[in-house]
Amino acid sequence: MAKDVRQSAEQLIGLKHVRDIAPYVGGKPISEVAREFGLDESKIVKLASNENPLGMPESAKKAMAKAAEDLGRYPDSNGFELKNALATKLNVPVEWITLGNGSNDILELTARAVAQEGDEVVFSKHAFAVYPLATQAVGAKAIEVAATADFGHDLPAMLKAITAKTRLVFVANPNNPTGTFLKASEIEAFLQKVPEHVVVVIDEAYNEFLTPEQQYDAIAWVRRYPNVIVSRSFSKAYGLAGLRIGYGIAQNNITDLLNRIRQPFNVNSLAQAAAIAALADSAFLKKCYDLNCAGYAQLTKAFDLMGLSYIPSSGNFVLVKVGEEPNAGAKVNLELLKAGVIVRPVGNYGLPQWLRISIGLPEENQIFIDALKKILGR
Ligand SMILES: *Cc1c(COP(=O)(O)O)cnc(C)c1O
């Protein structure tokens, strides 16, 4: 009797579109893997969340320590100093910048500002997991468009998927978890045809890892198109994932909306101070870029030698196919965990035979490679 009452209460509480959300599954924490598999924490290698293998820059640590002396006060709600530094660097008006509690915050704020029940949000299959989450959280309908044969965004197909009900399109460049990259000319051709009532988020969380030949001017699109917002992160190349800070760049019409619905103090003081320092630390960024190039070469060479397929990646991670069995990813992942190596299974992205490996330090990459060789017997 009592049980029946409880079940019906569970069915009554909460909005249906919220109950239907499958929560985000992150990389397993080191401490959890150590407990679960009886391993020594210090020996575990984590290549699972696209974090910076160099950790946080020293410059940012110093700035943060200084800011820590004054935590009795609220943060600067308008992020004056950081926004000014970004505006100068990007050569845009300060009013075009919105700071976020991670760039995740920018993605969610944009969804909340433009979409609701009855609306449609378009994104690619195998695209970043936050797009469906942000869509469902506002009760809008997710329109997932089939990817190209090489796992990339099919922009012409995404354009066709836009209807009168569409309010938002998410484009990840490069995409996570596939690492696929869209050339500027492809995005430009897409933006030219997107109707004005549709906001396009260009998610550039991995922008700093692009080669000089790949780099393009996304800010020019923000200047030209009032329906474009570019989002960037301090979590990846800048090494500040734990502080939660990112930003969006868009014209006033969009930033005004985000400002109305963001929490007044959505970015904490430590994060602001650290980001200002990291932004100026070009030596750290260069070191991290070089390390990533070397790690990518190290991993892909090993995959070639093992005869494994991988998707060419423009990020700080690589997607590798570890078997032909339908659940090869989960199986190999379990064996890697037993060996103390945490990577990311991507079955929830529709890629159950693949694993995503974040590029680590050379010795971390090698520990992973050796473990994988042993598991696959190659
Ligand atoms: C990591 C990531 C983000 C968000 O990172 P934040 O830590 O919230 O800044 C956004 N988009 C993609 C594609 C990512 O992989």
Side-chain angles (χ1 to χ4, degrees), residues 23-27 29 46-53 55-56 60 79 82 86 97-112 121 123-135 137 144 147 151-153 168-182 187 200-210 218 229-250 258 262-263 266-268 270-272 274-275 278-279 285 288 292 311 313-319 343-344 346 348-349 351 356-359:
Y24 180 83
V25 184
K46 186 184 175 201
L47 303 172
S49 299
N50 300 346
E51 292 149 340
N52 197 317
M56 196 174 163
L82 177 57
L86 285 166
I97 313 268
T98 308
L99 301 182
N101 188 17
S103 62
N104 218 304
D105 196 19
I106 302 294
L107 306 177
E108 285 194 13
L109 287 171
T110 308
R112 277 172 53 206
V121 177
F123 49 83
S124 173
K125 189 166 169 70
H126 314 310
F128 188 40
V130 166
Y131 309 155
L133 285 175
T135 302
E144 193 186 76
F151 303 90
H153 287 23
L168 181 61
V169 180
F170 285 110
V171 174
N173 204 38
N175 181 45
N176 168 23
T178 57
T180 49
F181 175 71
L182 292 158
I187 299 180
V200 180
V201 175
I202 305 176
D203 178 349
E204 298 189 338
Y206 301 94
N207 174 266
E208 297 81 6
F209 295 105
L210 297 181
I229 174 163
V230 170
S231 68
R232 295 207 181 140
S233 177
F234 280 99
S235 299
K236 312 285 164 54
Y238 288 103
L240 304 182
L243 282 170
R244 312 304 305 127
I245 181 159
Y247 59 98
I249 314 143
L258 305 191
R262 72 176 174 90
Q263 284 183 38
N266 62 334
V267 181
N268 70 74
L270 301 182
Q272 289 187 37
L279 194 66
L285 205 63
C288 151
N292 195 60
I311 302 178
S313 172
S314 297
N316 64 347
F317 53 89
V318 196
L319 207 54
V343 299
R344 185 72 71 89
V346 282
N348 57 332
Y349 284 94
L351 298 161
R356 190 193 67 192
I357 321 302
S358 302
I359 297 171

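Nothing fancy with the numbering, it's 1 onward along the sequence. Order of appearance sets the numbers: ligands from 1, and atoms from 1 within every ligand.
At least one donor-acceptor pair closer than 3.5 Å links the side chain of Asn316 to the backbone N or O of Asn50. The closest donor-acceptor contact from the side chain of Arg344 to the backbone of Arg356 lies at 3.5 Å or more, if one exists at all. Judged by distance alone, the side chain of Asp105 and the main-chain N or O of Gly246 form no donor-acceptor pair under 3.5 Å.
A heavy-atom separation below 4.0 Å is found between Ser233 and ligand 1.
Side-chain contact between Asn52 and Tyr238 is absent, with no heavy atoms from C-beta onward closer than 4.5 Å. Between Val200 and Ile229, the closest side-chain pair of non-hydrogen atoms is not below 4.5 Å.
Below 4.0 Å from some heavy atom of Asn176 lie the following atoms of ligand 1, by number and element: 13 (C), 14 (C), 15 (O). Within ligand 1, counting atoms from 1 as listed, the ones closer than 4.0 Å to a heavy atom of Ser235 are 6 (P), 7 (O), 9 (O).
When non-hydrogen atoms are compared, ligand 1 lies under 4.0 Å from the side chain of Ala205 (C-beta onward) but not from its backbone. Under 4.0 angstrom from ligand 1, the non-hydrogen atoms of Tyr206 all belong to its side chain.
Atom 1 (C) of ligand 1 has its closest protein heavy atom at Lys236 NZ, 1.4 Å. The single protein non-hydrogen atom nearest to atom 4 (C) of ligand 1 is Ser103 OG, 3.1 Å, given as residue, atom name and distance. For atom 8 (O) of ligand 1, the nearest protein heavy atom (residue, atom name, distance) is Arg244 NH2, 2.8 Å. Summary of contacts: the protein heavy atom closest to atom 13 (C) of ligand 1 is Asp203 OD2, 3.4 Å.
No N or O atom of Asn101 sits closer than 3.5 Å to an N or O atom of ligand 1. Residue Asn50 has no N or O atom closer than 3.5 Å to an N or O atom of ligand 1.
Using a 3.5 Å distance cut-off with no hydrogens or angles, the side chains of Asp203 and Tyr131 do pair a donor with an acceptor.
Using a 4.0 Å cut-off between a side-chain N of Lys or Arg and a carboxylate O of Asp or Glu, Glu51 and Lys46 qualify as a salt bridge.
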Worked verdict on Phe128 versus Tyr349 for ring pair (Phe, Tyr, Trp, His ring centres under 6.0 Å): CA-CA 8 Å; Phe128 188 40; Tyr349 284 94; 7.6 Å; no
